[in-house]
Trainee: 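Before we start, here is the structure in question, set down as structure tokens.
Chain identifiers are assigned alphabetically (A, B, ...) following the order of the sequence lines, protein sequences preceding nucleic acid strands; residue numbering begins at 1 within each chain. From a predicted model like this one, the values you see are computed outputs, not experimental measurements.
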Amino acid sequence: MRPVSVGQVYGSLFAGLMLYMLPWAGFGLMLRPDFVLLVLLYWLIRTPHLCNIGTAWFMGMLVDLAGGDLFGQHALAYVVPAFVAVYYQRRVTLFTRWQQLGFVFGLLVIAQVVLLILKLFSGSEVPEWSYLLSSVSGILLWQLVIYSKIKVTGEREA
Amino acid sequence: MEHQQTNFFVRGPSPLARLTFFAAVSLVLMVVDARLHYLGEVRQGFATLLHPLEIIATSPVRLYRSIQDHFTTVESLNQETQVLRDKTARLAVDLQRLPSLQAENDHLRQLLEARQAMQQPARMAEILHVSRDPFAQRIIVNLGSQQGVLAGQAAVDGAGVIGQVTRAYPFSSEITLITDRELAVPVQVERNGLRAIAFGHGRDNMLDLPYLPVNVDIHEGDKLVTSGIDGTYPVGLAVAIVKKVERNVDSPFAHIICVPTAGTDRHRQVLILTTMPSAAIPLDEPHPLPKKKESRHHAPR
């Protein structure tokens with residue numbers, strides 16, 4: 001596996017943030033995958049020594065700022081799946097493709113559920129099921145990444 | 001894999017320790033931001049730093065729009081001119097009556113010894129983007145505190161009230177739409193002057209009129225206008241049309257749903273009324289309205 005530079009990690013995280021900041025609206029907003037979290041998970045699984053829970057927290061804060069949300073909402077919503085990803089990082093490298101897809105989908109849903117709980121506490125209504133579409137589109141994007149032969153976990157690709 | 005082994009043991013604090021630390025920091029930040037409002041200036045500073053990024057991120061859409069504008073056909077322009085001409089003609093008729101009505105109104109107000117209603121200066125702002133948070137009904141516009149926009153000012157369009165400026169950054173500001181759950185607009189039924197508070201519905205493009213008794217005198221099709229009681233919105237701006245009134249026997253309150261008249265989700269430009277929201281202005285005392293008891297201003301939600 002080629003070593004990854006810090007520039008690559010932060011460059012891609014920045015690109016993810018820019019994608020997030022595109023003016024999404026309406027149905028596109030519902031479908032919008034969580035780009036920043038996807039990039040974070042990719043690096044968390046691939047190079048946990050360059051991108052760790054602290055990075056996830058920092059990116060979450062940036063997302064909160066860009067979205068004008070309460071400080072710390074996305075930060076917390078990113079820290080929790082980041083923890084799970086780091087905790088199981090050694091095992092993920094042994095997963096098959098479908099196991100990995102399931103794992104990442106679970107992480108995306110965890111982030112959305114944490115965010116939902118925080119939103120409910122601050123007085124929002126329970127959204128419809130289409131709320132989880134963002135995780136689905138996220139996992140499709142992840143699958144695209146794997147098909148485009150960017151190796152997430154290196155050697156064990158089937 | 002051999003190469004990675006060297007990194008195996010130098011991972012710093014354990015993941016659980018990091019999780020606990022960062023989760024605690026996030027929770028503290030959330031509480032400080034939500035309850036104590038200490039972080040307003042921090043947010044403003046960072047928002048200024050992020051502003052150029054925002055401009056870059058929204059540029060593809062603006063480019064697309066400008067190209068679209070450029071290739072508008074003569075036909076559609078002609079159509080638009082026709083529509084605007086019709087509208088001007090109709091408005092001109094109304095406008096002729098306005099000076100005399102205004103004079104009459106001033107005179108009547110003098111007789112009542114009421115405060116003179118003042119003119120509202122306004123600024124045209126362009127919408128940069130809508131909120132990225134699917135839970136909130138907000139828009140970001142391109143005028144900020146550098147251009148004299150302050151939090152608390154009202155935003156309107158040609159058809160009625162859109163919302164209120166809730167955060168003013170140096171070069172942009174955030175307008176919360178009247179359809180957001182957190183925004184309440186004091187309104188009056190135009191037909192009979194009944195006062196009420198309209199709350200946003202949150203998800204869809206609707207408004208609620210809660211806490212009104214079942215036998216309240218509101219029908220479908222009634223027009224709601226701002227009552228001006230809060231000092232934020234000028235009197236008489238259209239807010240919404242009553243769409244549905246449900247009177248259930250098992251509920252003490254009528255269930256009233258309204259549709260905003262303003263294009264809260266359609267336009268590219270909004271007008272921001274740039275007078276300072278004047279909470280200190282005393283209300284006009286003699287109010288020639290029905291003496292129906294209205295619900296409390298800040299009823300708990």
Side-chain angles (χ1 to χ4, degrees), chain A residues 1 3 14 17-26 29-30 32 47-49 52-54 56-58 60-80 82-87 89-90 93 115-116 118-119 121-125 127-128 131 134 154-155, chain B residues 1 3-4 7-8 10-34 39 42-43 46-47 49-50 53-54 56-62 127-136 138-140 166-167 169 174 181-182 201-203 265 301:
Chain A
M1 192 149 59
F14 181 73
L17 187 67
M18 290 304 281
L19 281 174
Y20 169 82
M21 286 173 72
L22 287 180
W24 301 86
L29 189 66
M30 274 293 169
R32 178 193 63 188
T47 62
H49 56 288
N52 213 311
I53 296 176
W57 182 81
F58 179 71
M61 289 304 291
L62 281 185
V63 170
D64 280 334
L65 263 179
D69 294 322
L70 266 187
F71 269 124
Q73 280 185 343
H74 280 86
L76 186 57
Y78 287 176
V79 162
V80 176
F83 165 74
V84 181
V86 169
Y87 196 79
Q89 191 260 335
R90 300 272 145 196
T93 49
L115 201 59
L116 176 62
L118 295 176
K119 291 283 186 191
F121 267 116
S122 57
S124 297
E125 266 180 54
E128 288 156 34
Y131 174 65
S134 146
E155 5 342 85
Chain B
M1 213 56 192
H3 175 68
Q4 286 245 313
N7 285 324
F8 196 92
V10 282
R11 294 176 85 179
S14 79
L16 190 62
R18 291 184 202 222
L19 171 73
T20 320
F21 173 72
F22 285 115
V25 173
S26 309
L27 285 174
V28 168
L29 273 174
M30 259 182 273
V31 171
V32 170
D33 195 18
L39 296 173
V42 182
R43 187 190 289 280
F46 278 108
L49 285 181
L50 278 176
L53 292 187
E54 214 145 73
I56 298 169
T58 49
S59 58
V61 173
R62 265 182 295 139
I127 297 175
L128 281 179
H129 58 84
V130 299
S131 166
R132 301 186 178 91
D133 181 2
F135 288 95
R138 290 188 233 130
I139 51 176
I140 315 291
T166 42
R167 279 192 198 126
Y169 302 124
E174 179 193 275
R181 277 179 66 86
E182 310 213 328
H201 209 256
R203 216 160 31 198
D265 50 354
R301 278 232 94 181

Trainee: What residue in A/L116, A/I53, A/V80, A/V63 has the most heavy-atom pairs under 4.5 Å with chain B?
Mentor: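 Of the options given, most contacts go to A/I53.
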Trainee: Counting only non-hydrogen atoms closer than 4.5 Å, does B/E54 touch chain A with its backbone (N, CA, C, O), its side chain (CB onward), both, or neither?
Mentor: both
Trainee: Are there more than 12 heavy atoms of other residues, nucleotides or ligands under 6.0 Å from atom CZ of B/F46?
Mentor: no
Trainee: What's the separation between atom OH in A/Y87 and atom OG in B/S14, rounded to the nearest 0.5 Å?
Mentor: 9.0 Å
Trainee: Heavy atoms only: give me the nearest A/M18-B/A57 pair and the separation to one decimal.
Mentor: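 Scanning both residues, the minimum pair turns out to be CE-N, 4.0 Å.
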Trainee: Between B/L27 and chain A, which part of the residue has a heavy atom less than 4.5 Å away: side chain, backbone, both or neither?
Mentor: side chain
Trainee: With a 4.5 angstrom heavy-atom cut-off, which part of A/L19 approaches chain B: side chain, backbone, both or neither?
Mentor: neither
Trainee: Show the nearest heavy-atom pair for residues B/S26 and A/A75, with the distance to one decimal.
Mentor: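 Heavy atoms of B/S26 and A/A75 come nearest at OG-CB, 3.8 Å.
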Trainee: Quick check on the interface: out of B/V31, B/L29, B/L19, who has the most heavy-atom pairs with chain A under 4.5 Å?
Mentor: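 Most heavy-atom pairs within the cutoff with chain A belong to B/L19.
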Trainee: Is it the side chain or the backbone of A/F14 that comes within 4.5 Å of chain B heavy atoms, both, or neither?
Mentor: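 The side chain, not the backbone.
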Trainee: Looking at every heavy atom in both A/V79 and B/A23, which two are closest together, and how far apart are they?
Mentor: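 For A/V79 and B/A23, the tightest heavy-atom pair comes out as CG1-N, 4.4 Å.
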Trainee: Cation-pi between B/R43 and A/F71: NZ/CZ under 6.0 Å from ring centre and within 45° of the ring axis?
Mentor: yes
Trainee: Relative to chain A, which of B/L128, B/V130, B/L53 shows the most heavy atom pairs under 4.5 Å?
Mentor: B/L53
Trainee: Between A/L17, A/D64, A/L65, who has the most heavy-atom pairs with chain B when the cutoff is under 4.5 Å?
Mentor: A/L65
Trainee: Measure across A/A66 and B/L50 and return the closest heavy-atom pair with its distance rounded to 0.1 Å.
Mentor: N-CD1, 3.8 Å
Trainee: Over all heavy atoms of both residues, which pair between B/P15 and A/V86 is shortest? Give the atoms and the distance, please.
Mentor: CG-CG1, 3.7 Å
Trainee: Find the distance between CZ (B/F22) and CG (A/L76) and round it off to the nearest 0.5 Å.
Mentor: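 The CG atom of A/L76 is 12.0 Å from CZ of B/F22, to the nearest 0.5 Å.
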Trainee: Return the option, out of A/Q73, A/M61, A/M30, A/H74, with the maximum number of heavy-atom pairs under 4.5 Å with chain B.
Mentor: A/Q73
Trainee: For the CE atom of B/M30 and the CZ atom of A/F121, what is their distance to the nearest 0.5 Å?
Mentor: 10.5 Å
